[in-house]
Amino acid sequence: MGVFITFEGPEGSGKSTQARLLYERLQAEGYPVILTREPGGTRIGEMIRRILVDLRHTEMAPTTETLLFSAARAQLVSELIRPYLSTGGIVLCDRYADSTFAYQGYGLGRDLDELQAITAVATGGLMPDLTFYLDIDVEEGLRRKRAQRERNTPDAPGARAEWNRLDARDLAYHQRVVAGFFELMQREPARWRRLSANQPIATLAAQIYAEVEPLLAPVARLGPTV
Ligand SMILES: Nc1ncnc2c1ncn2[C@@H]1O[C@H](COP(=O)(O)OP(=O)(O)O)[C@@H](O)[C@H]1O
Ligand SMILES: [Mg+2]
């Protein structure tokens with residue numbers, strides 16, 4: 001039931017921008033849709049997010065980090081994602097479990113089987129129907145993020161543009177993460193759509209919508225909103 005779509009890719013690749021545009025387009029077309037993000041998306045999850053991104057938390061052990069992400073995800077799946085999918089709606093999520101494999105697995109060197117087991121507990125095995133990978137050079141993405149921070153434009157309504165503990169890791173780390181995403185895509189090519197993020201925002205949005213459209217047939221539209 002329902003359709004579950006996630007956005008993945010390095011920082012600054014345009015995930016939040018594209019997730020929001022897809023959300024607005026689907027809503028305008030009359031589809032039942034919600035947009036959420038990881039870590040966060042629930043009251044409890046947003047509190048966990050604050051712990052994760054805090055630049056002062058330099059002492060955080062990798063296991064703690066992994067379990068906090070997973071705790072936030074467990075709350076999101078049980079409070080928001082599953083209930084909404086079970087009503088037949090569309091759930092858009094800005095990052096999901098793939099980010100754990102890429103960042104904590106390939107990036108920090110955590111054991112992938114262990115992460116798989118933790119993720120299965122957190123999600124109850126729920127994986128997306130479709131995952132977009134917004135492909136961008138790590139340095140270009142970090143440049144975009146820095147420029148965004150300097151303009152202080154929010155990456156989501158109500159959120160401040162943030163430079164956080166996870167963004168602040170070194171370039172080699174971010175490059176391992178990208179290599180990790182490529183591995184993940186190779187393992188499950190049917191679920192992933194890899195699109196170049198070096199295109200105008202509207203062009204990319206149109207490509208994303210074209211990939212999503214075929215999945216919409218079973219989704220009942222809401223009545224006209226006046
Ligand atoms: N296709 C694009 N081309 C140029 N800049 C973009 C593009 N998509 C997003 N941006 C800009 O890059 C910055 C990061 O975008 P954002 O959507 O927050 O990325 P992410 O959520 O992947 O970190 C923002 O300032 C945004 O306006
Ligand atoms: Mg974002």
Side-chain angles (χ1 to χ4, degrees), residues 5-27 33-42 45-46 48-50 52-55 69 72-73 76 80-81 91-104 106-107 128 130-171 173-182 184-185 192-212:
I5 299 170
T6 58
F7 290 81
E8 299 284 359
E11 279 312 308
S13 55
K15 298 178 298 299
S16 300
T17 303
Q18 293 299 330
R20 162 112 347 234
L21 289 172
L22 179 59
Y23 172 74
E24 286 168 0
R25 174 89 189 263
L26 289 169
Q27 212 177 30
V33 60
I34 55 171
L35 169 61
T36 187
R37 69 163 180 183
E38 274 214 0
T42 63
E46 291 292 333
I48 295 172
R49 180 188 184 97
R50 253 173 276 151
L52 279 165
V53 302
D54 195 322
L55 284 165
F69 273 111
R73 182 169 305 137
L76 185 64
L80 202 66
I81 299 181
V91 176
L92 309 181
C93 195
D94 186 349
R95 294 199 181 283
Y96 188 62
D98 295 305
S99 279
T100 284
F101 299 122
Y103 284 81
Q104 278 71 49
Y106 294 94
L130 187 64
T131 299
F132 289 102
Y133 183 78
L134 303 186
D135 199 355
I136 197 170
D137 183 69
V138 168
E139 285 173 90
E140 171 59 20
L142 293 175
R143 255 195 301 277
R144 281 185 187 177
K145 215 65 195 173
R146 224 168 286 132
Q148 180 187 39
R149 192 166 40 116
E150 273 150 26
R151 295 192 310 272
N152 195 28
T153 41
D155 68 351
R160 284 193 24 256
E162 56 183 16
W163 178 253
N164 65 45
R165 192 179 61 86
L166 304 166
D167 298 331
R169 289 182 172 150
D170 66 17
L171 195 59
Y173 165 79
H174 289 285
Q175 273 154 354
R176 288 196 301 277
V177 167
V178 165
F181 274 125
F182 279 83
L184 294 170
M185 286 191 270
W192 290 85
R193 300 289 182 279
R194 176 180 157 203
L195 300 173
S196 167
N198 288 310
Q199 306 185 79
I201 288 173
T203 308
L204 195 50
Q207 288 174 0
I208 288 172
Y209 197 78
E211 296 288 349
V212 169

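Whatever order the structure lists them in is the order used to number ligands and atoms, beginning at 1. Note that this is a predicted model, so its numbers are computed, not measured. Because only heavy atoms are used, hydrogens play no part in the values below, and waters and symmetry mates are left out as well, while side chains stay in.
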Checking the N or O distance criterion of under 3.5 Å, is ligand 1 in contact with [X]?
X   : value
K15 : yes
G14 : yes
G12 : yes

Numbering the atoms of ligand 1 from 1, which are under 4.0 Å from a heavy atom of [X]?
X    : value
Q199 : 1 (N), 2 (C), 3 (N)
T17  : 9 (C), 15 (O), 16 (P), 17 (O), 26 (C)
P10  : 22 (O)

*Structural part of K145 in contact with ligand 1, heavy atom criterion under 4.0 angstrom*: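 For K145, only side-chain atoms sit under 4.0 Å from ligand 1.
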*What part of A197, side chain, backbone, both or neither, has a heavy atom within less than 4.0 angstrom of ligand 1?*
backbone
*Taking the side chain as every heavy atom from C-beta outward, state whether L21 and Q18 have any atom pair closer than 4.5 Å.*
yes
_Short N-O contact, E11 and R146, less than 4.0 angstrom_ =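 Salt bridge between E11 and R146, a charged N being under 4.0 Å from a carboxylate O: no.
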_Under a 4.0 Å threshold between the charged nitrogen and the carboxylate oxygen, would R144 count as salt-bridged to E140?_
yes
*Would you say T17 has an N, O or S atom lying under 2.8 Å from the Mg ion (ligand 2)?*
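No, since none of the N, O or S atoms of T17 sits under 2.8 Å from the Mg ion (ligand 2).
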*Heavy atoms only: which of R151, R143, R144, E8 is nearest to atom 27 (O) of ligand 1?*
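It is R151 that holds the nearest heavy atom.
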_Flag, side chain of E8 to backbone of F132, donor-acceptor distance under 3.5 Å_ =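 Answer holds: no.
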_Reference residue T100; test side chain to side chain donor-acceptor pair (under 3.5 Å); the match among R95, R73, E38_ = R73
*Apply the salt bridge (Lys or Arg N to Asp or Glu O under 4.0 Å) test between D135 and each candidate in R193, K15, R194; give the one that qualifies.*
R194
*asked:* For F181 and Y133, take the angle between the two ring planes, folded into 0 to 90°, and tell me which bin it lands in: parallel under 30, tilted 30 to 60, perpendicular over 60.
replied: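 Answer is tilted, since the angle falls between 30° and 60°.
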